[in-house]
Amino acid sequence: MELYDELVARGLIAQVTDEQEIKKMINAGKATFYIGFDPTADSLHVGHFMALCLMKRLQMAGNKPIALLGGGTGMIGDPSGKSDMRKMLTKEDIDHNIECFKKQMSRFIDFSEGKAIMVNNADWLLDLNYIEVLREVGACFSVNKMLTFECYKQRMERGLTFLEFNYMIMQSYDFYMLYQKYGCNMQFGGDDQWANMLGGTELIRKKLGKDAHAMTITLLLNSEGKKMGKTEKGAVWLDPNKTSPFEFFQYWRNIADADVMKCIRMLTFLPMEQIEEMSAWEGSELNKAKEILAYELTKLVHGEEEADKALEGAKSLFGGRGNTDNMPTVKVELTDGKIGILDLLVNTKLAPSKREARNLVSGKGIAVDDVIIEDANAQIEINGEIILRKGKKVFLKVVV
RNA sequence: GGGCGUGUUCCCGAGUGGCCAAAGGGGGCAGACUGUAAAUCUGUUGCGUUUCGCUUCGGUGGUCCGAAUCCACCCGCGCCCA
């Protein structure tokens, strides 16, 4: 199967500017394309991961990727599809985040020998002259038109600042610069970026009279229409220090039935034939698919060794065996060999406060070495290690 | 700059002087049932040394025995006018 058809079959493509042209170009490995990453946090997340995978797929077919770090656009903040303005990042935050991004990216994409390049739009955006930009670029944008864009809809109701309104212009300018500097003829991005990306193709047409293309990646939504890769506590990060490989594994292992196959198709590199076979699975059989999904993704993000560990750890916990080697571990300080259960829960961050710890205990949600603790005043003795469990899925090995 | 609104706990949203740690819903967490799924039902959801105490309703300062609720000033946000 050719690349473009595979991307379609995997459900990765949301919108394209010129399907025939793009298909021809990427199948032939003729595209030089870019994807922008704004340094909004100190780690990449699942959405970035999808973009990087797409980058990899295209790179494997001979196309040349440009990873654009948003050192300049990060100073503004993209309002697309957001209901509120984000907190403004400081220059220091942005620089730090960029360093974190760089490290993580080179794990996925081969930047050696010019196979891919990494650039930072701070290099050209930060020194722009206001009046010059207004005359040169601002004149190409219609405010009337911009105000009608769907991506600003929520902000038209709740307020959009001039700062953010300019984001689109800066992103368009990026594409225009990359076209001239590197012959970049295509841009990829999340589907929420569509308007921003078209801004770039139009700017290139107006200023240079040339055609450039844009293609968006389907946003990964769950069956309830919410963005995937988010938990109550925040994003699922690729940085093992922010989301441990075990937690990462568990996130995908616990995915809803309705979403498994979609995720396997969109996120893994398993061959399409194998995926076709799996798509016939139903009911509890799907449970196996979840394990495959979790393993494959953990392997891609954290490497085979970590994936094996996570799989082992999960199996032993849920399969009833007692292998605790790979369980997340926390060390606690004891006074005279024991600790109150409430303090233990708070110290291990299983409960945010003693109040909640108490509620968990009285709701029979806490077990030590598989024995449910019912007394909130219980003193737990720890010699060596114990297994602390909250609910059914949260396990912690506690050592002294 | 002027006018009119508005700001409540994770979110939406009730509350306009004591019965308010604050209705209801959503979300979260836990229990039952299950396949580490979904749906459903139950409990819980500010903090603590828990029949009680403490801190909270944009901020500060007042009035009052008593303030989320009244007053003054300030700040944020929205709409209209400029």
Choosing from [options], which nucleotide comes nearest the side chain of [X]?
X        : options                : result
A:Lys390 : B:rU44, B:rU36, B:rC29 : B:rC29
A:Leu360 : B:rC47, B:rC29, B:rG31 : B:rC29
A:Arg253 : B:rU36, B:rG35, B:rG48 : B:rU36
A:Leu286 : B:rG48, B:rG35, B:rU36 : B:rG35
A:Ser353 : B:rU36, B:rA37, B:rG48 : B:rG48

Quick check: any donor-acceptor pair below 3.5 Å linking the side-chain of A:Asn359 to the base of B:rG43? no
Please confirm whether any donor atom in the side chain of A:Arg358 sits under 3.5 Å from an acceptor in the base of B:rU50, or the reverse. yes
Between [atom2] on [N] and [atom1] on [X], what's the gap in Å once rounded to a whole number?
X        : N      : atom1 : atom2 : value
A:Asn254 : B:rU36 : CG    : C1'   : 5 Å
A:Lys364 : B:rA32 : NZ    : P     : 9 Å
A:Arg389 : B:rU36 : CZ    : P     : 13 Å
A:Glu356 : B:rC29 : CD    : C1'   : 7 Å

Taking pairing as Watson-Crick or G-U wobble with both contacts under 3.5 Å, can you name the mate of [N], or confirm there isn't one?
N      : answer
B:rC41 : B:rG31
B:rG53 : B:rC47
B:rA68 : none

Atom [atom1], compared across [N] and [M]: separation rounded to whole Å:
N      : M      : atom1 : value
B:rU6  : B:rG15 : P     : 12 Å
B:rG43 : B:rU49 : C1'   : 25 Å
B:rG1  : B:rG66 : C1'   : 41 Å
B:rG13 : B:rG17 : P     : 22 Å
B:rC20 : B:rA68 : P     : 13 Å
B:rU56 : B:rG61 : P     : 12 Å
B:rG62 : B:rC11 : C1'   : 33 Å
B:rU9  : B:rU69 : P     : 14 Å

Does a sphere of radius 6.0 Å around NZ in A:Lys30 hold more than 12 heavy atoms from other residues, nucleotides or ligands, not counting ones at 6.0 Å or beyond? no
Do other residues, nucleotides or ligands put more than 12 heavy atoms under 6.0 Å from A:Lys262 NZ? yes
Is the shortest distance from a Lys or Arg side-chain nitrogen in A:Asp18 or A:Lys23 to a carboxylate oxygen in the other one below 4.0 Å?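 No, this pair does not count.
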Would you call A:Lys242 and A:Glu247 a salt bridge, taking side-chain N to carboxylate O under 4.0 Å as the test?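 No, A:Lys242 and A:Glu247 are not salt-bridged.
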Just by distance, do the side chain of A:Asn166 and the backbone of A:Phe162 share a donor-acceptor pair under 3.5 Å? yes
Check every strand shown and say whether A:Ala314 touches a base, only sugar-phosphate, or nothing at a heavy-atom separation below 4.0 Å.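 Since a base atom lies under 4.0 Å of A:Ala314, the category is base.
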Does B:rG35 have its OP1 or OP2 closer than 4.0 Å to a side-chain nitrogen or oxygen of A:Lys392? no
Can A:Arg57 be said to sit on top of A:Phe269's aromatic six-ring, NZ or CZ under 6.0 Å from centre and within 45° of the ring axis? yes
